[in-house]
> 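The structure under discussion is supplied below as structure tokens; questions concerning it will follow.
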Protein chains: 2
Amino acid sequence: MEGIGAKAVSEPSVRPGRRRSTSQHELEAVAFELFEREGFDATTVDAIAKSAGIGRRTFFRYFESKNDVVWGSFTEQLDHMRERFAQRPADEPLMESVRAVVVEFNRVDPAEVPKHRRRMELILRVPALQAHSTLRYGDWRAVVAEYAAKRLGEKPAALRPQAIAYAALGVSLAAYEHWLAETDLQLCDVLDEALSELARGFVLG
Amino acid sequence: MEGIGAKAVSEPSVRPGRRRSTSQHELEAVAFELFEREGFDATTVDAIAKSAGIGRRTFFRYFESKNDVVWGSFTEQLDHMRERFAQRPADEPLMESVRAVVVEFNRVDPAEVPKHRRRMELILRVPALQAHSTLRYGDWRAVVAEYAAKRLGEKPAALRPQAIAYAALGVSLAAYEHWLAETDLQLCDVLDEALSELARGFVLG
DNA sequence: GAGCATAATGGCACCGGGTGCCAAATGGAA
DNA sequence: TTCCATTTGGCACCCGGTGCCATTATGCTC
């Protein structure tokens, strides 16, 4: 087992060597179960490992940290976001493209909404995960900044692309928090509203 | 020693009981020295405590965590920000008030700039501190959201105040990163530019 | 089927941040 | 001097995370 992320696409399905005894997916299920029952902080890695029938040491071969368990396939999904950006028409206003892509990026299968909600409750409300999230969001911002830079003819590291990426992330988080706080709201609607506000500089109605 | 933050203003200067053997300020100085020489991660709390001539256990009575050492008087400064907001004319456009206050909030005595720079380099570049910063920024956002809510006639927890606070924080961080990456830039200028961009929705320019 | 190369496992020892507990040290006041 | 309030710091402990390595499982070759 080399890296920890998703396995490369070109891995032969049959190889010599011992089979992996579990999967990120399975561990995630087991862990969420425990998080639900005991809370994130009160759930030790030992407990997750035991509950999944693996050694604690092995757990850390599937996830870099306990924090990372809740992120599912986030990193891989960022590729989808890049693709969506690539498909936006070049004559569309930049912030409009950002709005559209971010909203679509966060659209989840209705059946998955409850799970998504639990996941995001953890990420946005457990301090340890809240803190850790900053590191994950860095990749998200990089995708947005890269696109913004291309559209503006600037480098991704320049002020405006970075500011746009940071701001888009910020209002998205505000939208998520609002969605979590209320019941009966459509996440995409809230995101759309928040990103629209951003695009108009928070003025007018 | 009750809380860990700044002592309440009304503490009598002479009280019974053993004197405190050091101060947040002194520990900060000692710690920064070590962070500079060895790096943040390589500096253990043990080392800081030893270097300051106190016990490791005592360190945690002055700071909640090793991460908190780098934040100086951030929390107390938030009160100043609140005051600045209170002084803005009510007929000033909201985002203009935010821009003005945030820029002024981040104005530092020229003599303190190098120190501020080192501090922010740590916060923005060391992953552990980057992650932890989210929790500290939460208080910052609350101040902005509170003011925005008042101006908009909404609750602080509502979507728009939160989105504005998150977005203002975001573009400020972008400005900080840009300031750190370049030499010979005035922080306030960069912040002003970033927040102006935000106010106009990142169009024109 | 034996042996070999390959890969994952999981135990162990260790590190470092953080906490609860408590006896000892300090210093003002009666 | 005694008493009380307060801080100190050592100790044991918990937990996340890592380096190391012998063990185990598997496919392939002879």
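So you know, we letter chains A, B, ... as the sequences are listed, proteins then strands, and number each from 1.
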> Tell me whether the side-chain N or O atoms of A:Arg56 pair up with the base of D:dG16 as donor and acceptor below 3.5 Å, since no angle test is needed here.
yes
> Take the angle between the ring planes of B:Tyr176 and B:Trp179 and call it parallel below 30°, perpendicular above 60°, tilted in between.
perpendicular
> On DNA chain C, check which nucleotide each of B:Asn67 and A:Gly53 is closest to and give me the residue with the more 5' one.
A:Gly53
> Measure distances between side-chain N and O atoms of A:Arg57 and base N and O atoms of D:dG19, and say whether any donor-acceptor pair falls under 3.5 Å.
yes
> For DNA chain C, find the residues of residues 120-139 of chain B with a heavy-atom distance under 4.0 Å and give them by number; none if there aren't any.
none
> Walk me through whether A:Trp140 and A:Tyr147 qualify under ring-ring contact (aromatic ring centres under 6.0 Å, His included).
CA-CA 11 Å; A:Trp140 188 96; A:Tyr147 177 73; over 10 Å; no
> Specify the closest pair of heavy atoms between A:Thr43 and A:Lys66, including all atoms of both residues, with the distance to one decimal.
O-NZ, 2.7 Å
> Specify whether B:Phe35 and B:Phe40 have parallel, tilted or perpendicular ring planes, treating 30° as the upper limit for parallel and 60° as the lower limit for perpendicular.
tilted
> For A:Phe63 and A:Phe59, take the angle between the two ring planes, folded into 0 to 90°, and tell me which bin it lands in: parallel under 30, tilted 30 to 60, perpendicular over 60.
tilted
> Ignoring backbone atoms, test whether B:Ser65 places a side-chain nitrogen or oxygen under 4.0 Å from the OP1 or OP2 oxygen of C:dG17.
no
> For the pair made of CZ in A:Phe60 and C1' in C:dC12, what is the distance, rounded to whole Å?
15 Å
> Any ion pair linking B:Arg82 and B:Glu146 (charged N to carboxylate O, less than 4.0 Å)?
yes
> Is B:Glu28 salt-bridged to B:Arg119, cutoff N-O under 4.0 Å?
yes
> Take atom NE2 in B:His116; do more than 12 heavy atoms of anything else shown fall under 6.0 Å from it?
yes
> Quick one, give me the B/S/- string for nucleotides 21-30 of chain D, reading 5' to 3', where B means a protein heavy atom under 4.0 Å from the base and S means that only happens at the primed atoms, P, OP1 or OP2.
B--BBBS---
> Here's one to test your reading of the geometry: is the NZ or CZ of B:Lys115 within 45 degrees of the ring axis of B:Phe32 and under 6.0 Å from its centre?
yes
> With B:Asn67, which of B:Leu122, B:Leu129, B:Val126, B:Leu135 fulfils side chain to side chain contact (heavy atoms under 4.5 Å, CB included)?
B:Leu129
> Looking only at heavy atoms, which two atoms of B:Val171 and B:Ala194 are closest? And how far apart?
O-CB, 3.7 Å
> Does anything in residues 27-51 of chain B come within less than 4.0 Å of DNA chain D? Heavy atoms only, and list the residues if so.
none
> Please figure out whether A:Ile54 or B:Phe59 has its closest DNA chain C nucleotide nearer the 5' end.
A:Ile54
> OH of B:Tyr62 versus C1' of C:dT19: gap in Å, rounded?
18 Å
